[in-house]
Number of protein chains: 2
Amino acid sequence: MNNTRFAIAIHILTLLDHSGKERLSSKYLAGSINANAAMVRKELSNLNAHGLVESKAGKYGGSSLAKPADAIKLSDVYRAVRQTPALGSKRDHPNPHCPVGKEINDHLSDLYQETEDILMSRLGERTLAEFSRQFA
Amino acid sequence: MNNTRFAIAIHILTLLDHSGKERLSSKYLAGSINANAAMVRKELSNLNAHGLVESKAGKYGGSSLAKPADAIKLSDVYRAVRQTPALGSKRDHPNPHCPVGKEINDHLSDLYQETEDILMSRLGERTLAEFSRQFA
DNA sequence: ATAACTGTAACATTAACTATTACAATTAAT
DNA sequence: ATTAATTGTAATAGTTAATGTTACAGTTAT
């Protein structure tokens, strides 16, 4: 993950937690994050698909958490935004005639998987509530 | 890390381990990886700077491991190629007038750091030798 | 002298990420 | 009903990062 999606998602969720039941607009969220409102809506849409936020259209619409912050694990957030493994991507088409090239991607897959498991298990021990309550 | 540098580095090191004392050329390595020789040399140069490989110029030159494979931890490899934290980058300039925006990057830094520590500690338990001996 | 290398720079290409604009659909208030 | 504020999403553009290529000076064994 070389992008900022995790950072944006955590930022959104922290703001929503701090706002309680009150819905926040994508424009407001974007203002705090310093990002474009349409991008924020895209991420909200993704977080919604993962059951982390709820949104309402129309005047006085906006988004709020879909469940209590202590029920949102940071691993849920990671799972929602993750695209490639933490250790990176694999190469396409290593040489199938080389004993190492032939097998490398299988062994890398195993290693990547283990690494993701470790990461998920650590992030599974932390909640949004914990993260969020650090703020002044 | 959304790139393939970890995969390339591991591939290189595995090949060098398998070749024992015999030096391998960047051209040969590139052939197994299916990458450009100049790119492979760039990574070799980086791995050399991190004390993992040794290279020799000139005819019959090439690269070999700088130390035994069981003395090379996968965390050494990760450290050598890592550019951004596993969880991604942070946003530039979140809103300093927002209580959340003002602090978010500090708290994200802490979280990212912890996550890197976990990763490093797990990868520190595994060696190149272990990885390398999986191959047929 | 020659051939096979490394190391590195400069440049080109491609892919990923981020940002912008636009607009139909929704909703609450008046 | 009309208006205003909002979501959701598509299309597109711009920017940055990753990958690939070419070139060549310098090194070393034969």
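As the structure is a prediction and not an experimental result, all values here were calculated from the model. Within every chain, numbering begins at 1; the chains are lettered A, B, ... in the order of the sequence lines, protein sequences first and strands thereafter.
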Just to confirm, is there a sub-4.0 Å distance from OP1 or OP2 of C:dG7 to any side-chain nitrogen or oxygen of B:Ser26?
no
Round to a whole Å and report the spacing from CG of A:Asn48 to P of C:dT26.
16 Å
What's the closest nucleotide to the side chain of A:Thr4 if the choices are C:dT18, C:dT27, D:dA23?
C:dT18
Establish whether A:Met39 and A:Leu24 are linked, either directly or via other cluster members, by ILVMFWY side-chain heavy-atom contacts under 4.5 Å.
yes
Please give, in whole Å, the distance from C:dA4 P to B:Lys59 NZ?
6 Å
Could you state the CG-P distance from B:Asn34 to D:dT21, rounded to the nearest angstrom?
10 Å
In whole angstrom, give the distance that lies between atom CG of A:Leu44 and atom C1' of C:dT26.
16 Å
Is the closest basic N to carboxylate O distance between B:Asp76 and B:Arg79 below 4.0 Å?
yes
Touch class at under 4.0 angstrom, heavy-atom based, for A:Lys56 against every strand present:
sugar-phosphate
Using a cut-off of strictly less than 4.0 Å, decide whether B:Arg91 has a side-chain nitrogen or oxygen near OP1 or OP2 of C:dA19.
yes
To the side chain of A:Ala57, which of D:dA18, C:dT21, C:dT26 is closest?
C:dT26
Want to settle it: does B:Ser25 or A:Gly58 sit nearer the 5' end of DNA chain C, counting the closest nucleotide to each?
B:Ser25
Please determine, for the side chain of A:Arg41, which listed nucleotide (D:dT9, D:dA23, C:dA3) has the closest atom?
D:dT9
Of the options D:dT30, C:dT20, C:dT6, whose atoms approach the side-chain atoms of B:Tyr60 most closely?
D:dT30
Quick one, A:Leu47 and A:Ser63 - any side-chain contact, counting heavy atoms below 4.5 Å?
no
In whole Å, I'd like the distance from the CG atom of A:Asp92 to the P atom of D:dA18.
16 Å
Let me know the distance between NZ of A:Lys27 and P of D:dA5, rounded to the nearest Å.
8 Å
Touch class at under 4.0 angstrom, heavy-atom based, for B:Ser63 against every strand present:
nothing
At under 4.0 Å between heavy atoms, what does B:Arg23 touch on the DNA or RNA strands: base, sugar-phosphate, or nothing?
nothing
Look at the aromatic rings of B:Tyr112 and A:Phe6 and report parallel, tilted or perpendicular, splitting at 30° and 60°.
tilted
Distance below 4.0 Å between A:Ser45 side-chain N/O and D:dT9 OP1 or OP2
yes
Please check the phosphate of C:dT18 (OP1 and OP2 only) for any side-chain N or O of A:Asn36 closer than 4.0 Å.
no
What nucleotide among D:dA18, D:dA4, C:dA10 has an atom nearest to a side-chain atom of B:Lys42?
C:dA10
Do B:Phe131 and A:Ile118 share a hydrophobic cluster, counting only Ile, Leu, Val, Met, Phe, Trp and Tyr and linking them when any side-chain heavy atoms are less than 4.5 Å apart?
no
Quick one: label B:Asn3 by what it contacts on the DNA or RNA (base, sugar-phosphate, nothing), any heavy atom closer than 4.0 Å.
sugar-phosphate
If I take atom CG in residue B:Leu47 and atom P in nucleotide C:dT8, what distance separates them, rounded to the nearest angstrom?
13 Å
The side chain of B:Met39 is closest to which nucleotide in this list: C:dC17, D:dT21, C:dT8?
D:dT21
Distance in angstrom units between A:Asn46 CG and C:dT18 P, rounded:
14 Å
Between B:Glu43 (side chain) and B:Ile8 (backbone), is there a donor-acceptor pair under 3.5 Å?
no
